[in-house]
Amino acid sequence: MNFVNELSWRGMIHDVMPGTEEQFEKEMTSAYVGIDPTADSLHIGHLVGVMMLKHLQRSGHKPIALVGGATGMIGDPSMKSQERNLLDEFTLRHNQDCLKRQLAKFLDFDSNEPNAAVMVNNYDWMKNFTFLDFIRDIGKHITVNYMMSKDSVKKRISSESSSSGMSFTEFTYQLVQGYDFLYLYQNYNCKLQMGGSDQWGNITTGTELIRRIAGGTAFAMTCPLITKADGGKFGKTESGNVWLDPEKTSPYEFYQFWLNTSDEDAEKYIKIFTLLGQEEINELVTMHRDAPHQRALQKRLAEEVTVMVHSRDDYDMAVEASQILFGQGTADQLKKLNEKTLLSVFDGVPRFEVDMSELVSGINVVDLLTEKAAVFPSKGEIRRTIQSNGLSINKERVISADFVIDQSALLGDRYILAQKGKKNYYLIIVR
RNA sequence: GGGGAGAUUCCAGAGUGGCCAAAUGGGGUAGACUGUAAAUCUAUUGGCGAUGCCUUCGGAGGUUCGAAUCCUCCUCUCCCCA
């Protein structure tokens, strides 16, 4: 399997440095991707980089996952984000461990194969590197002129937009990241850095350092930034990031995220986020174009990714839940569910607990869903939702804000299903 | 060190004494249409015991019958000149 070709037909290559392909043909090559350890879980924004590493390992080369304990605290000027705070070492290690556990689902870290994956943390080699040593040994080899010519820097300096300027720390970022590459080159024989297209400038600072200090040749390869056809940010839902950690994003929500991708995006994503082959994907795309309402693409995409990140069981559960929630499910069907099925179906649904005493004499929906269970942030909002036909209880539409709920509404004697709009479910558990 | 501009509801951005809970756009939410899509259209978008009341226009005071709007001080941001 040719790594570059593989990524190329999948639309995962934005830019490659000349000679990269030849390098892969010449020998087993180590390549790395950087990951910020800002949280103790990866989110799907990280997935592209992870998939690049996965393809790399599949084609016989050696993946290195670099945890940016040091760089993560500086903040990349191209990210526009604020400068970040230094994570304390305990948190850093904790996050690193968690990330490794997740990455192990994609990459083989443990085998004795020569191309087993490796995880490193740049904090380990940066923490004892003094400022003086750094500017003497590294800074000396790169000119400010060179650093200023990077797009990420230029954008921040030509401050026609009322941006807040760029701090020296941010300016230094590319050097620190470049040094990582040099370090990996010297200590791990790593010859390629991969990343999003916004990383190109940073990566080439690394190859430049390697050329000037080590007299070696290293390569750069970037993938396009993942976008959505509607211009929105990829990987976000109403409730924020889509995490790989099932505690943060349940498998049901995870599955739903992928199932909801638009037609246009689905064709793109299935190539990037699954390992399906070219032929199979082409068939799916054709099938989908013939009968878009079947959403064969989305279904397969959601299946593949959910199974890969979670498990086949989690996937089955998510599908079952989706069928009950979005299928022809009626109030009657809902009432027939036994407790076990009900709980598993609503596994990923936000839950609220309410005391039985609230229900015995009946309670107004508005009060229940604001004061007792904070499904809505304010009473005004729930009233507006009811007025626009947006609220259902146990799959039956609430038509008036005066609607009263009592024990007769309970499913399985202790549950109430509240639904806001089409897609948002909340489970109320009565004690 | 000197000079200038600014801080408004989720964001951008109007408003410069009463008609302002505050234009417009974006975003969010809900509805219609659909395929749990996209696009489009509609409604809504501070809170509440709701024809009214309460809290909001960087912070603290003050003027006034009445302030987002005027005055004083403070905090922060940006720009220009040294």
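Residue numbers begin at 1 in each chain, while the letters A, B, ... track the order of the sequences. What you are looking at is a predicted structure, and each value in this text was computed from that prediction instead of being measured.
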Using atom P of each nucleotide, how far apart are B/rU55 and B/rA39 to the nearest Å? 42 Å

Please determine, for B/rC76, whether a Watson-Crick or G-U wobble partner exists with both distances under 3.5 Å, and give it or none. B/rG6

Applying the 3.5 Å cut-off to both distances, the Watson-Crick or G-U partner of B/rG35 turns out to be none

Taking OP1 and OP2 of B/rA32, is either one under 4.0 Å from a side-chain nitrogen or oxygen of A/N389? no

Sole candidate of A/I386, A/T385, A/I405, A/I382 that passes side-chain contact (heavy atoms from CB on, under 4.5 Å) when paired with A/L369: A/I382

Considering only B/rU36, B/rG49, B/rG35, which nucleotide approaches the side chain of A/P292 most closely? B/rG35

Base, sugar-phosphate or nothing for A/R384? Non-hydrogen atoms, less than 4.0 Å. sugar-phosphate

Within the distance-only criterion (no hydrogens, no angle test), does the side chain of A/D15 pair as donor or acceptor with the backbone N or O of A/M221 below 3.5 angstrom? no

Look at the side chain of A/Q387 and the base of B/rU44, then say whether one donor and one acceptor between them are separated by less than 3.5 Å. no

Pairwise P distance, B/rC73 and B/rG28 [rounded to whole Å]: 44 Å

Nearest to side-chain heavy atoms of A/N260, which nucleotide of B/rG35, B/rG49, B/rU36: B/rU36

Taking only the P atom of each, what is the distance from B/rG52 to B/rG59 in whole angstrom? 28 Å

Closest nucleotide of RNA chain B for A/R295 versus for A/S378: which of these residues is on the 5' side? A/R295

Looking only at atom C1', what distance separates B/rA60 and B/rU45, rounded to whole Å? 32 Å

Choosing from B/rC48, B/rG31, B/rG35, which nucleotide comes nearest the side chain of A/R397? B/rG31

Considering only the P atoms, how many Å lie between B/rA67 and B/rC19, rounded to the nearest integer? 11 Å

Does a side-chain N-to-carboxylate-O contact under 4.0 Å join A/D367 and A/K379? yes

With respect to A/V430, which candidate in A/L410, A/D413, A/L411 satisfies the side-chain contact (heavy atoms from CB on, under 4.5 Å) definition? A/L410

Work out how far the C1' atom of B/rU56 is from that of B/rG47, and round it to whole angstrom. 10 Å

Across all strands shown, which nucleotide pairs with B/rU63 by Watson-Crick or G-U wobble geometry, both distances under 3.5 Å? none

Could you check whether any side-chain N or O of A/T274 sits under 3.5 Å from a backbone N or O of A/E304, counting only pairs where one atom can act as donor and the other as acceptor? no

Using a 4.0 Å heavy-atom cut-off, does A/Q294 contact any base of the nucleic acid, only the sugar-phosphate backbone, or nothing at all? nothing

If you check the A/D263 side chain, which of B/rU36, B/rG47, B/rA37 turns out closest? B/rA37

Complementary nucleotide of B/rA43, counting Watson-Crick and G-U pairs under 3.5 Å: B/rU29

Ignoring the backbone of A/S262, work out which of B/rG35, B/rG31, B/rA38 is nearest its side chain. B/rA38

Using the side-chain heavy atoms of A/K420, tell me which of these nucleotides is nearest: B/rU29, B/rA38, B/rU36. B/rU29

Choosing from B/rU36, B/rA50, B/rC48, which nucleotide comes nearest the side chain of A/K379? B/rC48

Distance between C1' atoms of B/rU24 and B/rC71 (Å, rounded): 31 Å

With rounding to whole Å, what would you report as the distance between B/rA22 and B/rA12 at their C1' atoms? 16 Å

Using a distance-only criterion (donor-acceptor N/O pair, under 3.5 Å, no hydrogens), is the base of B/rU29 paired with the side chain of A/K422? no

Watson-Crick or G-U counterpart of B/rG1, or none if no pair lies under 3.5 Å: B/rC81

Verify, without hydrogens or angle tests, whether A/S149 (side chain) and A/Y146 (backbone) share a donor-acceptor contact under 3.5 angstrom. yes

